[in-house]
Amino acid sequence: MSRRKFYLTTAIDYPNSRPHIGTAFEKIGADVQARYRRQQGYDVFFLMGNDENTIKVVQRAEELGLDPKLYVDDMARQFKEVWDSIDISYDDFIQTSEERHRIGCQQFIQRVYDAGDIYKKNYEALYCEGCEEFKTESQLSAEGRCPNHPNQELKLVQEENYFFRLSKYADRLMALYEERPQFIQPETRRNEIVSLVRSGLEDVSISRRDFTWGIDVPWDPEHKIYVWFDALLNYITGVGYGTDEESFRRWWPADVHFIGKDITRFHCALWPAMLMSAGVELPRSVFAHGFVYRKDEATGEVQKIAKSLGNVIEPMDIVREFSSDAFRYYFMRECPFGGDGEFSFQRFAASYNADLANNLGNLFSRTVSMVLRYFDGQLTGSRDVEPVEVFAGVDVAEVVGRIAAHIEACRYNQALELIWREVLDAGNRYIEQQRPWLLANEKKPEYDLDACRRVLTNLAEAVRVAAILIRPFMPRAAETIYAGFNFPTPLAKADFDQVVHRPPLEEDLRVTARLTPEGKVEPLFPKIAPK
RNA sequence: GGGCCCGUAGCUCAGCGGUUAGAGCAGGGGACUCAUAAUCCCUUGGUCGGGGGUUCGAAUCCUCCCGGGCCUACCA
């Protein structure tokens, strides 16, 4: 009995500068999906990597006086360090300068060549080294420069190159979009691609002459494979295409490629056409996320994140000051994954204090504190309590179903909102209704310790449910919260179904949370002081 | 030029043909004290960008206009 598999990828990044929060946005969104699928029992393979066969790498390495391979290896190390710091749970990290990639790549392009979809052609055009793309006259700025790289001279390139017959696949691509509307998400990106392909596709150049860095075209080593053609292939070489057939058969096709909206056409037109030509199955879907912009605190101005604008924020800066979970939460809650979002420290602090410190963190603190204070940490008899009161009036199965559906559709912000409104708010509201501090006070008429134990058992249940549901988003906080009590199932084995079908307690609940020397609960998310 | 998306309370967003348009945050008032001065209750606030149309009924569908963003445009 093999379990369902789930193979997902992120775009591979150019290693010519360190990743910023916008790059991290994509990885976090993918990671939430990966963690969610693992939690629900899928066998998951989560691939990330760096895109290294580019001229920029060589240039940058030369500036630093380094061998290109040494340079890209060091950058890969730095990237992984950043991804590790925000708990991106990738299973493998491919570098396109690796041998396994070269082998698979050459095998693939040979297949396409043998299929008759590659031909040689002479051409001359302006080339932008910044974009690593040819530019047509109409794409140029008034000064005759590339609009994206106005400080660089365009190079007039004249050479004989290999071309891929992309135009041949236009009809089959249209049929693909028609038959599988889910192939491109979200909808707006799909519309763009349909419109693009309908307007006609040109054959594309897929090789470069006179490059010293990159992968040789197997039948003509004077040419290197063009970076875009080779980059896309990481998705198959990363799971063994050409080097490990068993692994490849196991994981391919990818269930989803997570990419930025700027590279949709490469993934939704070129990539499937390449696969069709080589006779390889197509990925199931491509999800193009939006961009994160930087909102200037003082002026309110929203700008792109760019080194030249001096507004780059490194993920590790935020992680160091706050936490990985806080970082992940902000982007998943405040920025719709399929659309654009913005970052400002003000918004970050507001969201953090309200949602993480006050709602989530404090619910945990007050729950554990009361059990400690009133019952010395032991909820005697809780084994026999069915804690259904805290979610009275809530159709738990229905809510969990909606949360799961949101996550599966990458509507992460809506999933989180639901968890907050239906679970955490319910918990905090329940406390106010029940007033356990009165039930525990022998001087009050409400004094009733059994009732108090029952209320706190209900609150422990709310905490348990919250931990399971937030786990894909905030794995560390989930772990800490879940460790607050001796819940029966290890968190690693607690899927969403355990929210609906609570595993029976084998022993009475007791507090197992880590405490301060004074015997108090450690704040999960210490409040951020307003600046 | 062609195409796509968006414009809903101060802010961030949900609602996408059907009762008096919602949430969170922010603002105002109150309650409580277990808790990270947290929480809970009540509340202020919107002619749903504008005009026209379809409909018994429109943020919700059509059309035009305004504003914002994006994709694309006669040899890669």
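What you see is a predicted model; the values in this text were computed from it and never measured. Residue numbers start from 1 in every chain, and the chains themselves are labelled A, B, ... in the order their sequence lines are given, proteins ahead of strands.
- Among Glu417(A), Gln33(A), Arg328(A), His406(A), the single residue meeting the side chain to side chain donor-acceptor pair (under 3.5 Å) criterion with Tyr412(A) is Gln33(A).
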Review item, nucleotides 6-12 of chain B N/O atoms under 3.5 Å of protein N/O:
{"unit_1": "U12(B)", "atom_1": "O2'", "unit_2": "Arg347(A)", "atom_2": "NH2", "d": "3.3"}

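- Of all heavy-atom pairs spanning Phe322(A) and Ile528(A), the tightest one is CE2-CD1, 3.4 Å.
- Taking atom OH of residue Tyr177(A) and atom P of nucleotide C4(B), one finds them 17 Å apart after rounding to whole Å.
- Screening residues 360-378 of chain A for side-chain hydrogen bond (donor to acceptor under 3.5 Å, both in side chains) gives Arg366(A)-Asn428(A), Arg366(A)-Glu432(A) as the qualifying pairs, with residues at least two apart or on separate chains.
- Across all strands shown, G69(B) is found opposite C4(B) as a Watson-Crick or G-U wobble partner, with both distances under 3.5 Å.
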field: Under 4.0 Å protein heavy-atom contacts per nucleotide of nucleotides 26-36 of chain B, with B for base, S for backbone only and - for none
entry: ------SSBBB
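- Side-chain N/O atoms of Glu52(A) and Tyr14(A) include no donor and acceptor closer than 3.5 Å.
- In this structure, Arg429(A) reaches the C41(B) phosphate: one of its side-chain N or O atoms is under 4.0 Å from OP1 or OP2.
- The gap from the P atom of G22(B) to that of C42(B) amounts to 14 Å, rounded to the nearest Å.
- Pair check for A31(B) finds U39(B); Watson-Crick or G-U wobble, both atom distances under 3.5 Å.
- Across the strands present, G24(B) finds its partner in C11(B); the criterion is a Watson-Crick or G-U wobble pair with both atom distances under 3.5 angstrom.
- When rounded to the nearest whole Å, the span between CG of Asp425(A) and C1' of A38(B) equals 14 Å.
- The two residues Lys224(A) and Thr212(A) come nearest to each other via the heavy atoms CE-C, 3.9 Å.
- The main-chain N or O of Val217(A) is never found under 3.5 Å from a side-chain atom of Asp220(A) such that the two would form a donor-acceptor pair.
- Phosphate contact (OP1/OP2 of C13(B), side-chain N/O of Asn413(A), threshold under 4.0 Å): absent.
- Under the 3.5 Å distance criterion, the side-chain polar atoms of Arg208(A) are left unmatched by any main-chain donor or acceptor of Tyr226(A).
- By the neighbour-count criterion of 12 heavy atoms within 6.0 Å, atom CD of Glu222(A) is sparsely surrounded, having that number or fewer from other residues, nucleotides or ligands.
- For G53(B) and U60(B), the P atoms lie 14 Å apart once the distance is rounded to whole Å.
- Atom pair Leu424(A):CG and C40(B):C1' shows a separation of 15 Å (rounding to whole Å applied).
- The P atoms of A38(B) and C48(B) are separated by 36 Å, rounded to the nearest whole Å.
- Of the candidates U72(B), U39(B), C75(B), U39(B) carries the atom nearest the Asn359(A) side chain, counting heavy atoms from C-beta on.
- Around the NZ atom of Lys444(A), the shell of radius 6.0 Å holds no more than 12 heavy atoms that belong to other residues, nucleotides or ligands.
- The OH-P distance, from Tyr329(A) to G24(B), rounds to 13 Å in whole Å.
- For Phe164(A) and Tyr119(A), the gap between ring centers reaches or exceeds 6.0 Å.
- Each ring-ring contact (aromatic ring centres under 6.0 Å, His included) pair with one or both residues in residues 417-443 of chain A, not counting sequence neighbours, appears once here: Tyr329(A)-Trp420(A).
- Contacts of Arg198(A) with the nucleic acid, taken as non-hydrogen atoms under 4.0 Å apart, are absent.
- Comparing the C1' positions of C70(B) and C75(B) gives an interatomic distance of 26 Å, to the nearest angstrom.
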query: Checking salt bridge (Lys or Arg N to Asp or Glu O under 4.0 Å) for the pair Arg454(A)/Glu389(A): CA distance, chi angles, key distance, verdict?
result: CA-CA 9 Å; Arg454(A) 197 190 67 240; Glu389(A) 281 176 23; 2.7 Å; yes
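- As a whole-Å value, the separation of Gln414(A) CD from G24(B) C1' is 13 Å.
- In a base pair of the Watson-Crick type (N1 to N3 plus N6-O4 or O6-N4) or a G-U wobble (N1-O2 and O6-N3), with each distance short of 3.5 Å, C16(B) is matched with no nucleotide.
- Taking atom C1' on both nucleotides, A26(B) is separated from G52(B) by 37 Å, rounded to a whole Å.
- If you take NZ of Lys121(A) and P of C75(B), they are 10 Å apart, rounded to a whole angstrom.
- If you find the closest nucleotide of RNA chain B to Tyr293(A) and to Ile206(A), the one lying nearer the 5' end belongs to Tyr293(A).
- Separating the CG atom of Asp340(A) from the P atom of C4(B) is a distance of 19 Å, rounded to the nearest angstrom.
- Put simply, CZ on Phe291(A) is 12 Å from C1' on C71(B), counting in whole angstrom units.
- Distance check on atom C1': G27(B) versus U44(B) gives 8 Å, rounded to whole Å.
- Across the P atoms, G1(B) and C65(B) are found 11 Å apart, a figure rounded to whole Å.
- In this structure, A59(B) shows a glycosidic angle within 90 degrees of zero, which is the syn conformation.
- Residues of residues 190-197 of chain A having a heavy atom closer than 4.0 Å to RNA chain B, listed by number: Asn191(A), Glu192(A), Ser195(A), Leu196(A).
- For the P atom pair drawn from A14(B) and U8(B), the interatomic distance equals 11 Å after rounding to whole Å.
- Considering only residues two or more places apart in sequence or on other chains, Asp448(A) meets the salt bridge (charged side-chain N to carboxylate O under 4.0 Å, His left out) condition with none of them.
- When Watson-Crick and G-U wobble pairs are counted only if both distances are under 3.5 Å, G45(B) pairs with no nucleotide at all.
- If you check the side chains of Ser167(A) and Asp203(A), you find a donor sitting under 3.5 Å from an acceptor.
- With a cut-off of 3.5 Å on both pairing distances, A76(B) has no Watson-Crick or G-U wobble partner at all.
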